[in-house]
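Have a look at the structure below, then the notes.
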Amino acid sequence: AQSVSQHNHHVILSEAASLELGCNYSYGGTVNLFWYVQYPGQHLQLLLKYFSGDPLVKGIKGFEAEFIKSKFSFNLRKPSVQWSDTAEYFCAVNARGGSQGNLIFGKGTKLSVKP
Amino acid sequence: GAVVSQHPSRVICKSGTSVKIECRSLDFQATTMFWYRQFPKQSLMLMATSNEGSKATYEQGVEKDKFLINHASLTLSTLTVTSAHPEDSSFYICSASNTASGYNEQFFGPGTRLTVL
């Protein structure tokens with residue numbers, strides 16, 4: 001069965017610090033990978049996605065993620081965080097060619113950025 | 001584009017009553033809709049997947065007779081929590097995708113907070 005693990009439950013950073021959130025998945029086949037963000041009181045929004053091609057994916061708001069197939073990882077990065085990045089971040093995976101496109105979510109990482 | 005709405009955003013009901021939650025794709029045809037449940041400080045758990053015009057596929061452990069899902073059109077899916085109990089209190093989120101387009105990308109609604117007294 002597919003699973004997604006996010007290593008950090010809560011990350012606290014000061015503004016301008018660099019961010020890296022870990023995400024590992026377990027699935028033997030080809031996958032699509034996603035990072036979603038949920039700002040306080042808002043719904044899930046897609047930050048970035050990887051389907052194929054360049055494993056370094058750039059998303060909105062200065063975020064990027066790198067797919068490392070050999071490590072089954074898709075870590076999210078941002079060089080310099082802002083207070084407005086305070087949110088919960090979810091990594092998600094679905095199996096390429098899956099009949100339903102089901103997304104399997106990690107448990108989420110709460111990011112708190114101190115002004 | 002790709003906006004998904006949910007109604008109501010918040011509902012409080014008495015134990016034993018039924019509650020219907022609507023999920024609409026506003027600007028695209030959603031061939032597949034998903035229903036998730038999110039407990040406080042936890043991740044989203046997929047409850048069921050529905051394809052337009054066919055029966056929903058429920059995840060293991062989800063009672064299909066308690067959580068009735070209807071996906072009658074390409075823009076609307078409904079989740080009915082029947083005979084709700086306090087343990088059904090949760091945040092219910094739907095998402096929609098147009099798998100016919102070849103993408104497995106889901107667009108999420110804002111969620112519905114259900115409180116059962």
Side-chain angles (χ1 to χ4, degrees), chain A residues 1-11 21 23-25 27 29-53 57 59-60 87-112, chain B residues 1-7 9-10 23-26 30-52 54-62 69 71 91-113:
Chain A
Q2 299 172 50
S3 67
V4 178
S5 58
Q6 291 182 239
H7 315 299
N8 310 101
H9 177 64
H10 190 186
V11 172
L21 302 181
C23 172
N24 286 87
Y25 67 93
Y27 180 68
T30 307
V31 294
N32 300 317
L33 298 153
F34 306 81
W35 274 98
Y36 286 89
V37 60
Q38 188 173 29
Y39 296 103
Q42 296 189 29
H43 60 281
L44 280 171
Q45 300 172 43
L46 181 67
L47 263 183
L48 48 80
K49 60 183 184 279
Y50 172 79
F51 286 170
S52 64
V57 179
I60 61 172
E88 187 136 20
Y89 294 80
F90 294 92
C91 180
V93 168
N94 70 9
R96 185 88 55 80
S99 60
Q100 301 283 8
N102 296 1
L103 278 174
I104 308 297
F105 282 86
K107 290 189 175 182
T109 298
K110 182 177 179 180
L111 172 65
S112 300
Chain B
V3 177
V4 176
S5 69
Q6 276 184 248
H7 178 79
S9 59
R10 187 182 294 267
C23 177
R24 293 182 185 272
S25 58
L26 298 184
T31 50
T32 305
M33 286 185 167
F34 303 85
W35 287 96
Y36 295 85
R37 188 171 176 176
Q38 186 178 26
F39 291 102
K41 299 182 190 264
Q42 294 192 31
S43 186
L44 283 75
M45 298 298 295
L46 180 66
M47 297 174 66
T49 302
S50 72
N51 291 301
E52 185 265 337
S54 61
K55 288 185 179 179
T57 303
Y58 290 81
E59 295 298 299
Q60 193 172 9
V62 178
I69 291 172
H71 190 169
F91 195 53
Y92 293 87
I93 303 171
C94 75
S95 71
S97 69
N98 182 358
T99 51
S101 72
Y103 286 101
N104 282 352
E105 182 174 345
Q106 296 179 28
F107 301 95
F108 286 82
T112 296
R113 173 80 57 197

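Not measured: the values here are computed from a predicted model. Numbered from 1 within each chain, the chains take letters A, B, ... in sequence-line order.
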Atom pair CG (A:L44) and CD (B:Q106), whose distance is rounded to the nearest 0.5 Å: 10.0 Å
Contact origin within B:Q38 toward chain A - heavy atom pairs under 4.5 Å: side chain
Which portion of A:Q45 sits near chain B, non-hydrogen atoms under 4.5 angstrom: neither
Results of side chain to side chain contact (heavy atoms under 4.5 Å, CB included) for B:S9 - residues two or more places apart only: none
A:F90, part contacting chain B, at a heavy-atom distance under 4.5 Å: side chain
Side chain to side chain contact (heavy atoms under 4.5 Å, CB included) evaluation trace for B:L46 with A:F105: CA-CA 9 Å; B:L46 180 66; A:F105 282 86; over 6 Å; no
Flag if over 12 foreign heavy atoms under 6.0 Å of NE2, A:H7: yes
Any donor-acceptor N/O pair, B:S43 side chain to A:G106 backbone, under 3.5 Å: yes
Test salt bridge (Lys or Arg N to Asp or Glu O under 4.0 Å) applied to B:R24 - qualifying residues, sequence neighbours left out: B:E22
From CD (A:Q42) to CZ (B:F108), nearest 0.5 Å: 15.0 Å
Which atoms of B:L44 approach chain A - backbone, side chain, both or neither, heavy atom under 4.5 Å: both
Proximal component of A:L46, with respect to chain B [non-hydrogen, under 4.5 Å]: side chain
